[in-house]
Amino acid sequence: MSIDTLSDDQGIKGWLTSESPESRFHAQMVQLYAGWQSLVANRLAFLGFMIIVLLVLVAIFAPLLATHDPSLQDLKATLLPPFTDGHILGTDDSGRDIWSRIIYGSRITLFIVALVAFTAPVFGLLVGTVSGYLGGWVDTVLMRITDIFLAFPRLVLALAFVSALGAGIENAILAISLTAWPPYARIARAETLTIRNSDYIAAIQLQGAGRLRIILGHIWPMCMSSLIVRVTLDMAGIILTAAGLGFLGLGAQPPSPEWGAMISSGRQFIHDHWWIATMPGLAIFIVSLGFNLLGDGLRDILDPKKAQS
Amino acid sequence: MPSSENTMPKDMPIALNIQNLNVYFGEGHEKFRAVKDVSISVAAGGSYGLVGESGSGKSTVLRAVSGLVTNWDGTIAVNGETISKKREMSYCRTIQMVFQDPYASLHPRHSIDRTLSEPLRLHKFDNIDDRVNQALVDVGLGTSFRFRYPHQLSGGQRQRVAIARALMLEPEILLLDEPTSALDVSVQAEILNLLSDIRKKRQLTYILVTHDLAVVAHMCDEIAVMSHGEIVEVMDVQTMRDSKPQHEYTRELLEASEGYQAEA
Amino acid sequence: MNKPLLEVEDLWVRFASKKRVVEAVRGISFSVGRERVGIVGESGSGKSMTGRSILRLVRHPGQVDAKKIHFDGQDLQALSEKEMRDVRGHKISLVMQDPKFSLNPVMKVGDQISEAYRVHTNASKAEARSRSIEMLNAVQIRNPERVYDSYPHEVSGGMGQRIMIAMMLIPEPDLLIADEPTSALDVTVQRRVLQIMDKLVQERGMGLIFISHDLNLVASFCDRVIIMYGGRIVETCRADELQNAKHPYTRGLLNALPDIHQPKDQLSVLERDPKWIEDPSVDAFL
């Protein structure tokens with residue numbers, strides 16, 4: 001039977017678009033492929049996706065792409081404009097190659113993005129769903145704490161945390177995560193409030209499932225899509241916050257080629273040597289744009305209402 | 001107050017006995033009694049219908065019995081045992097429920113396989129694969145549906161999955177909350193036939209809630225009519241077929257189900 | 001009396017997506033006089049789309065094509081969007097299933113009804129108010145003054161539906177399209193609403209298109225019935241002869257219904273014949 005369906009529907013593609021999958025793995029692959037197809041169909045989202053893939057590739061192959069050592073100073077070749085002496089994007093005030101610094105800087109950016117993306121939303125999701133599903137005093141306590149965090153502007157709160165913890169990239173990430181989770185908790189709670197009264201939750205309750213199982217196995221998957229969209233859209237802001245902390249000297253410390261710190265050190269030369277601040281600025285702009293485009297597209301792709309029709 | 005005692009088959013044990021059930025919504029000033037002093041008893045293997053219009057409290061009775069609504073008083077006894085508000089795990093293997101809207105009662109992100117196997121895993125059943133396949137065959141879907149997702153199914157197919165899910169734990173009593181009101185008439189016929197077959201095969205007890213008198217007349221032996229949270233009349237199905245109900249409201253419902261009369 | 005009010009010929013409604021074109025309505029022709037015409041069908045039969053397409057209310061990306069949509073001698077397809085707005089509500093009204101989505105939640109009920117009246121008549125505010133209250137009275141709303149000054153969320157579903165009907169009827173339309181207008185209502189309210197529509201047809205000579213899935217209701221309420229399946233008309237007959245319908249689809253639907261007075265062990269299940277989709281649409285002219 002399985003061989004028949006394979007040959008009927010042209011090999012792999014038929015297998016991936018099968019209407020009646022034959023195993024759990026097969027079903028997951030079909031779902032993944034359908035998601036992939038709608039991503040490809042949405043051109044802007046796909047562009048965003050490609051930018052992020054590019055960022056990852058650049059970070060992985062940084063040693064191959066960089067033309068110079070990013071921290072090697074060459075005081076004979078300071079403040080060179082782009083395309084001189086093999087410096088594609090010129091050099092900064094210490095004679096370091098800007099192109100190579102941006103390439104290596106992508107690793108720092110990716111590090112920040114990955115860490116924040118895997119801590120803040122998960123924590124926010126946990127707080128929000130527990131709060132929304134259990135209700136009562138648990139809800140009140142958790143939401144008031146969330147409100148306290150929400151009451152401060154993100155950068156100011158991050159600044160306060162970093163000053164308390166000490167400057168440095170790890171503390172910057174920690175500070176960003178600490179300030180980023182409350183909106184996710186709010187979204188997750190709002191979603192949970194509508195989901196908890198639905199019939200499919202009632203059905204699993206009647207089958208004797210415990211609270212933790214319902215929250216993790218039944219409510220989380222329903223909150224996931226709006227959260228993924230929100231996180232992707234927030235990534236631009238997170239990169240900017242990290243850059244802002246770097247700019248203020250509270251994030252990555254001077255020799256490390258963090259993009260925000262690079263802008264900061266280029267600021268004093270901006271009138272005569274525009275490229276020093278502009279090039280890392282462009283890098284931040286492109287990556288932020290990539291995340292924004294992807295987030296916008298994911299909102300269309302993952303919207304459960306659309307998926308049902 | 002009409003009594004249900006005289007129409008009960010005397011020899012059958014009582015599967016579900018509800019006495020003076022009150023269900024409340026809201027608190028304080030807003031507190032509202034949605035179900036008022038409802039008493040019904042359902043014989044084991046019987047099929048009991050609760051009829052009424054929207055807001056009559058008929059679904060709320062089911063939700064109190066199933067444990068989804070906890071703000072109630074009165075007594076609910078299943079197989080002679082009075083049950084408390086906190087339900088035991090074993091209660092899930094006695095009573096299960098099928099919901100009204102098959103588009104809302106299946107988890108949209110879970111495959112049919114997961115929906116059907118999860119209760120088995122929760123209750124540590126063995127042979128999960130075989131049981132899931134058998135359940136799909138029993139509700140007339142076949143095993144090819146096993147790894148699909150709800151959005152790939154029609155309304156009728158989804159309701160079959162929902163029925164299969166309710167049967168996974170092999171309950172004795174099935175609560176049916178308007179199981180066909182969201183479906184087209186031709187699909188309704190299929191689902192009602194399926195429910196009749198399953199009841200015969202497994203000797204289940206049904207409590208069916210609906211607003212459709214024709215459905216309740218087709219499915220049930222005994223019928224209670226509810227209005228504004230109260231039972232206004234209890235009758236056997238023959239009384240209804242002969243159009244001889246006692247209560248004015250029941251007559252009105254019966255008349256409306258026949259269609260439109262210009263000079264009413 | 002027998003001159004048709006609405007004539008529709010070869011009506012198509014298509015939804016085109018990148019992958020395929022879905023044809024919701026496929027070349028149907030019918031006419032409506034000053035009578036009650038019921039359109040019956042299951043979900044996906046195209047019955048709702050038929051009603052919406054007459055008023056040009058099919059949402060993007062839906063595409064409506066017809067050889068002819070004439071209302072009272074006027075070619076509706078030739079009208080501009082502005083002229084169409086004048087037809088909507090003034091000459092043809094649409095009552096939909098769920099009142100909650102049709103009433104503006106931030107506007108008082110009465111103001112919405114008055115506005116519907118004033119848009120088409122240039123009546124003064126006071127005049128519109130008294131006319132609106134009169135209309136609320138006509139749909140048997142007790143205490144119409146109080147309802148006039150309440151917001152949609154303050155009224156019950158059944159009352160909301162009656163308010164909708166009052167709003168649709170106040171400009172005295174010549175044709176009313178009612179899409180499942182009573183399926184969300186309790187039986188007593190349902191009967192009242194049907195009576196109001198009945199009266200308008202009998203006394204004022206309004207035309208009524210009554211879209212429903214309820215065979216019994218349509219058979220007892222309407223003059224003529226159009227049965228739709230797969231975007232086509234499979235059969236049309238006088239409503240009181242629906243029990244003797246010939247088409248296997250109609251027969252199948254009738255047999256699938258449980259009957260209070262004639263119990264049967266098993267309900268007969270509708271066997272769908274792919275041929276029904278292919279068969280040409282039946283014309284349902286007066």
Side-chain angles (χ1 to χ4, degrees), chain B residues 51-56 103 140 154-156 180-197 200 210-221 223 227-228 237-243 245 248-264, chain C residues 36 38 40-45 156-158 182-195 197-199 201-202 210 212-222 229 239-240 242-243 249-250 252-272:
Chain B
V51 200
E53 297 186 277
S54 55
S56 64
Y103 291 89
S154 69
T180 59
S181 66
L183 304 173
D184 280 328
V185 275
S186 59
V187 183
Q188 164 173 292
E190 292 172 23
I191 297 295
L192 291 182
N193 284 346
L194 173 68
L195 287 171
S196 306
D197 289 345
K200 240 175 266 165
T210 178
H211 68 278
D212 188 327
L213 295 194
V215 167
V216 87
H218 175 71
M219 295 292 291
C220 303
D221 343 304
I223 295 147
S227 172
H228 299 291
V237 68
Q238 202 52 48
T239 317
M240 189 187 236
R241 284 188 186 134
D242 299 341
S243 301
E248 174 60 28
Y249 179 70
T250 316
R251 276 197 289 273
E252 209 171 301
L253 283 181
L254 260 177
E255 238 168 60
S257 72
E258 311 272 314
Y260 175 74
Q261 279 101 22
E263 61 291 339
Chain C
R36 296 161 296 191
V40 200
E42 297 186 289
S43 48
S45 63
S156 68
T182 58
S183 49
L185 301 180
D186 287 350
V187 284
T188 43
V189 183
Q190 175 178 342
R191 190 194 287 150
R192 270 185 218 152
V193 168
L194 291 174
Q195 278 165 356
M197 290 196 287
D198 196 11
K199 212 167 106 187
V201 175
Q202 308 287 354
F210 189 85
S212 175
H213 69 280
D214 189 333
L215 289 158
N216 283 334
L217 185 63
V218 168
S220 55
F221 179 66
C222 295
Y229 178 77
D240 47 16
L242 185 63
Q243 293 304 325
Y249 174 66
T250 322
L253 281 189
L254 288 167
N255 291 334
L257 279 173
D259 189 313
I260 295 183
H261 305 293
Q262 281 147 20
K264 36 189 165 180
D265 231 21
Q266 288 272 302
L267 297 167
S268 49
V269 170
L270 179 68
E271 300 288 346
R272 287 159 207 272

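Below, chains carry the letters A, B, ... as their sequence lines are ordered, and counting in each starts from 1.
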field: Region of Ser257(B) in contact with chain C, defined by heavy-atom distances below 4.5 Å
entry: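 Interface part for Ser257(B): both.
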task: Could you tell me which portion of Ala214(B) (side chain, backbone, both or neither) has an atom closer than 4.5 angstrom to a non-hydrogen atom of chain C?
output: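 Looking at Ala214(B), backbone and side chain both touch chain C.
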- request: Could you tell me which of Gly259(B), Ala217(B), Ser186(B) has the largest number of non-hydrogen atom pairs under 4.5 Å with chain C?
  value: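 When all of Gly259(B), Ala217(B), Ser186(B) are compared, Ser186(B) has the most.
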query: When only pairs under 4.5 Å are counted, which of Val185(B), Asp242(B), Leu254(B) shares the most heavy-atom pairs with chain C?
result: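 Top count of heavy-atom pairs under 4.5 Å with chain C: Val185(B).
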- request: Give the intermediate values and the outcome of side chain to side chain contact (heavy atoms under 4.5 Å, CB included) for residues Glu190(B) and Leu270(C).
  value: CA-CA 9 Å; Glu190(B) 292 172 23; Leu270(C) 179 68; 5.9 Å; no
message: Apply salt bridge (Lys or Arg N to Asp or Glu O under 4.0 Å) to residues Arg191(C) and Glu255(B) and explain how you reach the verdict.
response: CA-CA 10 Å; Arg191(C) 190 194 287 150; Glu255(B) 238 168 60; 3.4 Å; yes
- prompt: Hey, does the side chain of Asn193(B) reach the backbone of Leu267(C) with a donor-acceptor pair shorter than 3.5 angstrom?
  reply: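 Looks like yes, one N/O pair under 3.5 Å.
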task: For the pair Asp184(B) (side chain) and Ser43(C) (backbone), establish whether a donor and an acceptor sit closer than 3.5 Å, ignoring hydrogens and angles.
output: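 Such a contact is found between Asp184(B) side chain and Ser43(C) backbone.
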Largest heavy-atom contact set with chain B, pairs under 4.5 Å, which of Val218(C), Ile260(C), Asp214(C):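 Result: the option with the highest number of such pairs is Ile260(C).
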task: Using non-hydrogen atoms and a 4.5 Å limit, figure out which bit of Asp265(C) sits close to chain B: side chain, backbone, both or neither.
output: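 Both backbone and side chain.
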- request: Kindly give the heavy-atom pair with the smallest separation between Ala189(B) and Ser268(C), and that separation in Å.
  value: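 Ala189(B) and Ser268(C) have their closest heavy atoms at CB-O, 3.9 Å.
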message: Let me confirm one number: the CG-CG distance from Leu192(B) to Leu257(C), rounded to the nearest 0.5 Å.
response: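 Answer rounded to 0.5 Å: 10.5 Å.
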Heavy-atom side-chain contact between Pro258(C) and Met219(B) under 4.5 Å: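 They are not in contact (no side-chain heavy atoms under 4.5 Å apart), so the answer is no.
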- prompt: Within a reach of under 6.0 Å around NZ of Lys199(C), are more than 12 heavy atoms found that belong to other residues, nucleotides or ligands?
  reply: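 Result for NZ/Lys199(C): open.
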- request: Report the residues that fulfil side-chain contact (heavy atoms from CB on, under 4.5 Å) with Asp259(C), sequence neighbours left out, ordered by chain and then residue number.
  value: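 In terms of side-chain contact (heavy atoms from CB on, under 4.5 Å), with neighbours along the sequence ignored, Asp259(C) is linked to His261(C), Gln262(C).
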- request: Check the pair Tyr260(B), Gln190(C) against side chain to side chain contact (heavy atoms under 4.5 Å, CB included), reporting the backbone distance first and the verdict last.
  value: CA-CA 9 Å; Tyr260(B) 175 74; Gln190(C) 175 178 342; over 6 Å; no
